[in-house]
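Everything below concerns the one structure shown next.
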Amino acid sequence: MRISRPFARLLSGVAAIALLGVAAACGSSADDAADNPYDLLRPGTLRVGTLSDAPPNVYLKDGKFTGFDNDLLTAVAGKVGLRVEFVGTEFSALLAQVNNHKFDVGSSSVTITEARKQTVDFGNGYDFGYFGLDVPAGSAIKGFDQLKGARVVVVQGTVQDDYATKEGLDPVRVPDYNGAINQLKAKTADAWISPAEIGEKSAQESGGKIVLAEKQLSSAPTAYVVAKGNDALRELLNKGLDQVIEDGTWTRLQEQYYPGRPVPDTFKPGSGDVAFPPVKAGPSTTPTATPSA
């Protein structure tokens, strides 16, 4: 079929425009990569998934996400030139949401475990933690060794959930910390295996309805999480974390949120290569042996 000259010129013009579009798209992609080297949802801003009900680690106060983990992350981001936007979620969904790029980072005292490494990547450890055993006031349960046959509540997907399952306790799983606290207050659960700092704070604020019966040092540190393979962001956060450890911010936040809590000799925050001002520790009960988790 013979194509008229005017129509041929039209086709040439369309092809040229298409080629320009492809070139522009390629240039845009390269520019985007240069402007957003950490593969953030919005360049220059960390969109962070966190919780609203787990003081003193992560919680809402006067409409603002705060707590040790979140205040530390805000300081880390400031060191590396990023802003932070916190968004509330449930812990059971957090890791998948980070890996699916709903969030750039997860901040919720996430303990490093081999199983979780299959879903997300971890930065360097920024905190240690204890398992707590919370019970209703007046309970005969005084320790972890008395939980067989008891109705034990845990937050789904946590290392406390893992611990209870491994110990054969058949735990009742709830989506958030408020759910666990409410079960203890209503005495529909005999015990709650908690992150000890959160459990202790909850007991203090329960009006005498809940008691922290025992605590045990956890076997692994907590860390911020990023999507699998985002090494650039992980390394950037590690860099900022070392800087806030070295300048004393980490120490100040430890003393602010965990007054009197001693830092175990075995725990070295961040890369472990930077010195930090010692944390002032007050009188404290020595924790029992580490549980398997």
Side-chain angles (χ1 to χ4, degrees), residues 38-42 44-80 82-113 116 119-129 132 154-161 174-181 194-202 205 218 220-228 230 233-234 236-238 240-241 244 249-250 253-254 256-258 269:
Y38 309 110
D39 195 24
L40 302 177
L41 291 164
R42 190 164 72 249
T45 298
L46 284 179
R47 183 175 169 87
V48 180
T50 188
L51 276 61
S52 62
D53 63 345
N57 302 59
V58 286
Y59 62 102
L60 269 175
K61 182 179 180 181
D62 300 327
K64 177 184 177 182
F65 284 100
T66 186
F68 175 80
D69 301 57
N70 288 342
D71 286 5
L72 183 68
L73 183 57
T74 299
V76 168
K79 288 291 188 183
V80 296
L82 297 175
R83 298 179 297 275
V84 179
E85 176 191 7
F86 291 107
V87 181
T89 188
E90 292 182 353
F91 187 85
S92 59
L94 178 60
L95 302 190
Q97 288 171 334
V98 170
N99 202 46
N100 292 335
H101 299 279
K102 181 175 181 178
F103 303 120
D104 300 309
V105 178
S107 169
S108 185
S109 293
V110 185
T111 301
I112 300 172
T113 70
R116 288 173 176 171
T119 303
V120 292
D121 284 342
F122 286 88
N124 289 332
Y126 62 80
D127 200 16
F128 56 97
V154 295
V155 175
Q156 183 176 357
T158 61
V159 288
Q160 292 80 32
D161 185 352
V174 294
D176 55 37
Y177 294 106
N178 281 332
I181 293 166
S194 67
E197 293 79 10
I198 297 170
E200 188 168 23
K201 183 79 169 175
S202 300
E205 296 177 348
S218 181
T222 61
Y224 300 116
V225 297
V226 301
K228 292 289 291 182
N230 195 343
L233 180 57
R234 179 179 55 80
L236 183 73
L237 295 179
N238 286 342
L241 177 58
V244 299
T249 301
W250 182 85
L253 292 174
Q254 283 280 329
Q256 175 184 341
Y257 285 103
Y258 313 122

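By convention here, the first residue in the shown sequence is residue 1. Any value given below was found using the heavy atoms of this structure, including those in side chains, with hydrogens, waters and symmetry copies removed.
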Distance-only side-chain donor-acceptor flag, Thr158 / Tyr177, under 3.5 Å: no
Is the distance between the ring centroids of Phe122 and Tyr224 less than 6.0 Å? no
Going by side chain to side chain donor-acceptor pair (under 3.5 Å), name the residues that satisfy it together with Ser109, two or more places apart in sequence or in a different chain. Asn57, Asp69
What's the verdict on side-chain contact (heavy atoms from CB on, under 4.5 Å) for Leu40 and Leu82, showing C-alpha distance, side-chain angles and the deciding distance? CA-CA 10 Å; Leu40 302 177; Leu82 297 175; 4.0 Å; yes
Using the side chain to side chain contact (heavy atoms under 4.5 Å, CB included) criterion, which residues pair with Pro55? Sequence neighbours excluded. Tyr59, Lys201
Just do the side-chain contact (heavy atoms from CB on, under 4.5 Å) check on Leu73 and Val105 with the steps written out, would you? CA-CA 10 Å; Leu73 183 57; Val105 178; 4.1 Å; yes
Between the side chains of Gln97 and Thr89, is a donor N or O closer than 3.5 angstrom to an acceptor N or O? yes
Side-chain touch Phe91/Val110, heavy atoms, less than 4.5 angstrom: yes
In a check of side-chain contact (heavy atoms from CB on, under 4.5 Å) between Leu46 and each of Val76, Thr74, Leu233, Leu236, which one passes? Leu233
Report the relative orientation of the aromatic rings in Phe68 and Trp250; use parallel for angles under 30°, tilted for 30 to 60°, perpendicular for over 60°. perpendicular
Is there side-chain contact between His101 and Asp39, with heavy atoms separated by less than 4.5 Å? yes
Heavy-atom side-chain contact between Tyr257 and Thr66 under 4.5 Å: yes
Report yes or no: do Thr222 and Asp127 form a side-chain donor-acceptor pair below 3.5 Å? no
Do Val84 and Phe86 have side-chain heavy atoms sitting under 4.5 Å apart? yes
For the pair Leu95 and Arg116, evaluate side-chain contact (heavy atoms from CB on, under 4.5 Å) and give the outcome as yes or no after the intermediate values. CA-CA 8 Å; Leu95 302 190; Arg116 288 173 176 171; 3.6 Å; yes
Using a strict cut-off of less than 4.0 Å between a Lys/Arg side-chain nitrogen and an Asp/Glu carboxylate oxygen, indicate whether Arg47 and Asp104 qualify as a salt bridge. no
Are Glu90 and Gln156 close enough that some pair of their side-chain heavy atoms sits under 4.5 Å apart? no
For Ala223 versus Gly125, what's the shortest heavy-atom pair and its separation? CB-CA, 4.2 Å
